[in-house]
There are 2 protein chains.
Amino acid sequence: MVTKALELVEAEGPDALTMRRLAAELDVTTTTIYWHVGSRDELITEIIRQQSEQLAARPIKGTTPRQRIMAAATHIWESAVEHRAITSLAHQSGASSLLQHPLEVALAAELEAAGLTGPAAALAQRSILATITGFLVLALRDEASIREDSRSTTLWASTEADLDRSTIDALAAPHDLPKLFEVTLQAVVDSQL
Amino acid sequence: MVTKALELVEAEGPDALTMRRLAAELDVTTTTIYWHVGSRDELITEIIRQQSEQLAARPIKGTTPRQRIMAAATHIWESAVEHRAITSLAHQSGASSLLQHPLEVALAAELEAAGLTGPAAALAQRSILATITGFLVLALRDEASIREDSRSTTLWASTEADLDRSTIDALAAPHDLPKLFEVTLQAVVDSQL
DNA sequence: ACCTGAACACCGTTCAAGT
DNA sequence: ACCTGAACACCGTTCAAGT
């Protein structure tokens, strides 16, 4: 049943997960689900927990600590983008930490291998995770579902700001998110080493 | 009516903004609101637009470009935290760019003053904004409303990872978000100058 | 122990009808 | 031009009742 719920989310997005819809999928009544899981919130927690276990840390490649930390951080990002529906669900329900925890452990291990422990390691870890979160929000934001006049590129294209033409044009153009992610993350990582 | 909606959100949070609730507040029928604004989505866009205009960029202090860029970026963060309910609403509806745009213009101006134009300015701007977004998610996340077993600190406290005791303890302890924000943002800004 | 039917208190939205 | 009443198609959740 948790598995079915997970499939439903993967296939049709977080909003498709309603108690009635899931019940229909399982050929039972809505109330049956409540008997088993208690509430929608607990169901979601179970979904995230199950997905979290699947998220076994892939082997990290790279020789220098700098490379390996970048790889561990990039892994968190890629895995989240790969399972965007579940990531969104976790984000909506405040369960992102639960989902990412195994991969966060792998990151912390690489930070220790780089010589960081205690508060210094926690600082680096959180600084990196916050950065990843920011890019995740951008990556999961479905531009197509946003009203045209609320899109960043549209706003810049019609802005009357006293800025260089080339700057405005660049801000009105679409961006290369993976590249942006790498550049920014590298700066954050380097500042902590 | 948009003003009343804005007040409602500020006072009771984004979830309190339902068409029926707003109608009751205005002593009209739900359908009246539809006649005026079309849909909930358009109502939200108007709320954000109105708030956005209020968000006039405060004068930025600091002498060096580095200081002034940090001030402009911190201003975006502080203003979002100050109006957390509207920020959450904008975030939920994909209208964050619309809300923050005036303050983003101020940031872009400081980047130009530092000598960045065109694609280099766009890169710096987006790198900084993504970082702010990450910390905003952490700041607006209401820890109290998250199930205890999904909280990051709880997960670390009960983790069996092969890490130094001091590291785990540091990760299980609460963090100083403003300090973390400043350190991380400074690293990102410096990497772009 | 497991499942159902009916109900409660909500949503956003539409549409014919009134003034 | 502006507002209402009634209805539609949804939500999450509870609870007494069945096997």
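Values below: all heavy atoms of this structure, side chains included; hydrogens, waters and symmetry mates excluded. Letters A, B, ... are given to chains in the order of the sequence lines, protein chains preceding strands, and every chain is numbered from 1.
The distance between atom CG of A/Leu22 and atom P of D/dG12, rounded to the nearest whole Å, is 10 Å. When rounded to the nearest whole Å, the span between CG of A/Leu17 and P of D/dC11 equals 11 Å. Nucleotide D/dT13 holds its P atom 6 Å from the CE atom of A/Met19, rounded to whole Å. A/Asp41 has its CG atom 12 Å from the P atom of D/dT14, to the nearest Å. Rounded to whole angstrom, the span from the CD1 atom of A/Ile44 across to the P atom of D/dT13 amounts to 9 Å. Remark: P of C/dC11 and CG of B/Asp15 are 11 Å apart, rounded to the nearest angstrom. Rounded to whole Å, atom P of D/dC8 lies 17 Å from atom OH of B/Tyr34. In this structure, A/Leu26 atom CG and C/dC3 atom C1' are separated by 13 Å, rounded to whole Å.
For B/Ser191 against B/Val188, the heavy-atom pair with the smallest separation is OG-O, 2.7 Å.
Between C/dG5, D/dT4, D/dT14, one nucleotide has an atom nearer to the side chain of A/Thr29 than all others, and that is C/dG5. Minimum atom distance to the side chain of A/Thr18 is reached by D/dC11, of the listed C/dT4, C/dC11, D/dC11.
For the atom pair A/Gln92 CD and B/Gln92 CD, the distance stands at 9.0 Å (nearest 0.5 Å).
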Could you check B/Ser96 against A/Arg141 for side-chain hydrogen bond (donor to acceptor under 3.5 Å, both in side chains), going step by step and ending with a plain yes or no? CA-CA 11 Å; B/Ser96 327; A/Arg141 183 134 69 197; 3.3 Å; yes
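A sub-4.0 Å separation between OP1 or OP2 of C/dC3 and a side-chain N or O of A/His36 is present. Taking only side-chain nitrogens and oxygens, A/Thr32 never comes nearer than 4.0 Å to OP1 or OP2 of C/dC2.
Using a 4.0 Å cut-off between charged side-chain N and carboxylate O, B/Arg49 and B/Glu53 make no salt bridge. No salt bridge links A/Lys4 with A/Glu25; every basic N to acidic carboxylate O contact stays at or beyond 4.0 Å.
With both pairing distances under 3.5 Å, C/dC3 is matched to nothing as a Watson-Crick or G-U wobble pair. Pair assignment for C/dG12 gives D/dC8, based on Watson-Crick or G-U wobble hydrogen-bonding distances that are each under 3.5 Å. Under the Watson-Crick and G-U wobble criteria, each requiring two contacts below 3.5 Å, nucleotide C/dA17 is left unpaired.
In terms of position along DNA chain C, the nucleotide closest to A/Trp35 lies nearer the 5' end than the nucleotide closest to the other residue of the pair A/Trp35 and A/Thr31.
To the nearest whole angstrom, the two P atoms, one in D/dA9 and one in C/dA9, are 22 Å apart.
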